[in-house]
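These numbers come from the heavy atoms of this one structure, side chains and all, not from hydrogens, waters or symmetry mates.
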Amino acid sequence: MARNDGIDRTLARNQDLETPDDVAKVQEHNEREKDRYSNVDIVPERTPLNVYFKAPTDDYVKMFEQMEQDKIISTRGLKPDAVKYGELVFDVNSAYFYNHGGYEFAKQFYADAYKAAVEIVGGEQYILSAVMHADERNRAMSEALGEDVYHYHLHVVYIPVVEKQILWSKRCKDESLRGTVKETITQVSRSKKWESKPVLDENGNPMLNAKGKKILKSSYSVLQDDFFNFMRAAGYTNVERGERGSTEEHLTVTQFKVQAEQQRLEAVTGQVAQAEQSLEDTKAATEKQKKKLEVLKKETKTAKAIALTVQDIEAMGKKATFGNNITLTPDECDTLKRYAVNGIIANADNKRLKEKLASAEKTVSIWKQRYEAVNEKYMELKQKAQPFLDALEITSERVRAFISAVLARGKETREIQTPARKSGQDMEI
């Protein structure tokens, strides 16, 4: 299972269906025979999207009985309480399919996985049902991403069988046949199908532990190896094998689903935490930029001064992954809107000023024409009146001289009379 490390891993699980009740429950679940399910993540509207790689021809028990009648399988020597049915579940974490095309990719992946199941089981004739579920919603990822994400996985119900050789007994009348193979049957046997195998060294010899006993390799570990190797050979090189040596290889399907969902929740939680941290970092950076902008606003003297240079505005935005679109942050978008409005206002003001200037220039031109016309008439009149003006200037000079002379004589007369008047006054005193 993935450990929240971003690695997609193949998962293969085997579950024994030990009782008739177990068989019935699995059939109801896999074939969607119920009207309601305890699993609230099943979306009935999507059930038609489930893909059958082998559809059952009847209920599982009746199919088993028919196969026995047709000599396809044999229960000879089988104990009454022996396990007769098994279920394989093949899976990869939901994010793997979400990131590689979703439903269509999952269909192809599990079509190849079904081929692996046929080899693992020993033949398609021993498979009762193989269905890919596409109607189970991955709640954790859906809530984290804000959209429906589905958990695609494959259920394969099969009969565990092995080939068994039946020997001639010692009671055989033909001594030459005693101990030789009488017939080979396909025996139903869960224990032999999944028996543990010895671990071999580089020379192909069984490895021993400290007590000299053979080291056995779990059958479920072999299952993991087989499924992983098959999918790698089929071209799915971007997945890894499920973890070795863990108890997960012995989990039942139900336990596996519970832990898988918990793991997916942990992965999504980690992604959410990263997103929240990124958001906080972005907010901090935005606040820092806002403060810088406030400082720039305080330093400028005009109310409509632009706080960003042309290079800053051109550098805004990020090119989208697909296409030629440019994405902007909300702050960048607001800034550009504000400057666009200011620019429109400035353009409008400039237009009005230009109109006023043009009107003023027109008025100046009119007054200039009027001035030149009046000045021309003035110069004509001045030229005509110049002799009279010259005469007037001469006359004015003579008049000013005459008046000055008269004033001078009057002053002298006053100065002569003043002493006599003063002496008479002194005598009276």
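Residues H100 and N238 bring a donor and an acceptor atom of their side chains to less than 3.5 Å of each other. Y60 and E31 share a donor-acceptor pair across their side chains, judged by distance under 3.5 Å alone. If you check the side chains of N138 and D41, you find no donor sitting under 3.5 Å from an acceptor. Judged purely by distance below 3.5 Å, without hydrogens or angles, the side chains of Y152 and E136 never pair a donor atom with an acceptor atom. A donor-acceptor contact under 3.5 angstrom links the side chains of Y158 and N14, judged on distance only.
Between atom OG1 of residue T57 and atom CE of residue M63 there is a gap of 3.5 Å, rounded to the nearest 0.5 Å. Note that CD of E33 is 8.0 Å distant from CG of D59, once rounded to the nearest 0.5 Å. Here the OG-CG distance, from S94 to D8, works out to 10.5 Å after rounding to the nearest 0.5 Å. Taking CE from M67 and OG from S74, the interatomic distance works out to 12.0 Å, rounded to the nearest 0.5 Å. If you take CG on D112 and CG on L154, they are separated by 11.0 Å, rounding to the nearest 0.5 Å. To the nearest 0.5 angstrom, L78 atom CG is 12.5 Å from R190 atom CZ.
Heavy atoms only, all atoms of each residue included: D135 and Y150 are closest at C-CD2, 4.3 Å. Minimum heavy-atom separation, Y98 to E147: OH-OE2, 2.9 Å. Counting all heavy atoms, side chain and backbone alike, M132 lies closest to A106 at SD-O, 3.7 Å. Pairing each heavy atom of V188 with each of V83, the nearest pair is CG1-O, 4.3 Å. Taking every heavy atom of both residues into account, M141 and A95 meet most closely at SD-N, 3.8 Å. For F227 against A116, the heavy-atom pair with the smallest separation is CD1-CB, 4.2 Å.
Ion pair D91/R13 not flagged as a salt bridge, since none of the NZ, NE, NH1 or NH2 atoms sits closer than 4.0 Å to an Asp/Glu carboxylate oxygen. A salt bridge links E240 with R232: at least one charged nitrogen is closer than 4.0 Å to a carboxylate oxygen. A salt bridge links K107 and E104; the closest N-O separation between the charged side-chain nitrogens and carboxylate oxygens is under 4.0 Å. With respect to D22 and K25, no salt bridge is recorded, no charged nitrogen being found less than 4.0 Å from a carboxylate O.
Looking only at distances, a side-chain donor or acceptor of K54 sits under 3.5 Å from a matching main-chain atom of E124. Not one N or O on the side chain of Q15 forms a donor-acceptor pair closer than 3.5 Å with the backbone of G86. A donor-acceptor pair is defined here as one N or O able to donate and one able to accept, closer than 3.5 Å; such a pair exists between the side chain of Q224 and the backbone of A12. A donor-acceptor pair is defined here as one N or O able to donate and one able to accept, closer than 3.5 Å; no such pair exists between the side chain of K192 and the backbone of Q187. Not one N or O on the side chain of K84 forms a donor-acceptor pair closer than 3.5 Å with the backbone of I159. Of the possible donor and acceptor atoms, none in the side chain of D70 sits under 3.5 Å from a partner among the backbone N and O of I72. Between the N229 side chain and the D225 main chain, a donor and an acceptor come within less than 3.5 Å of each other. Within the 3.5 Å criterion, the main-chain N or O of K62 finds no donor-acceptor partner in the side chain of D58. Of the possible polar contacts, one joining the Y103 side chain to the L49 backbone as a donor-acceptor pair under 3.5 Å is found.
Ring to ring, H155 and H29 are close: their centroids are under 6.0 angstrom apart. Taking the six-membered ring wherever Trp is involved, the centroid distance between the rings of F53 and Y110 does not fall below 6.0 Å. With ring centers used as reference points, F109 lies under 6.0 Å from Y236.
None of R139, R46, R137 except one satisfies the side chain to side chain donor-acceptor pair (under 3.5 Å) rule with D148; the exception is R137.
F105 and Y96 have perpendicular rings, their planes meeting at more than 60° on a 0 to 90° scale where under 30° would count as parallel. Between H153 and H133, the ring planes are perpendicular. Angles over 60° get that label, and only those under 30° would be called parallel.
The closest side-chain heavy-atom distance from F64 to V23 is not below 4.5 Å. Residues N30 and E87 have side chains in contact (heavy-atom distance under 4.5 Å, counting atoms from C-beta outward). In this structure, the side chains of L88 and V121 come closer than 4.5 Å at one or more pairs of heavy atoms. Looking at heavy atoms from C-beta onward, V162 lies out of side-chain contact with T186 at the 4.5 angstrom threshold. At a threshold of 4.5 Å between non-hydrogen side-chain atoms, the residues Y126 and I73 count as touching. The closest side-chain heavy-atom distance from I127 to V118 is below 4.5 Å. With a 4.5 Å cut-off on side-chain heavy atoms, S142 and V149 count as touching.
Crowding of D35 atom CG: a count of heavy atoms from other residues, nucleotides or ligands under 6.0 Å not exceeding 12.
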Test log, rule side chain to side chain donor-acceptor pair (under 3.5 Å), inputs Y85 and E18:
CA-CA 7 Å; Y85 303 85; E18 299 179 357; over 6 Å; no
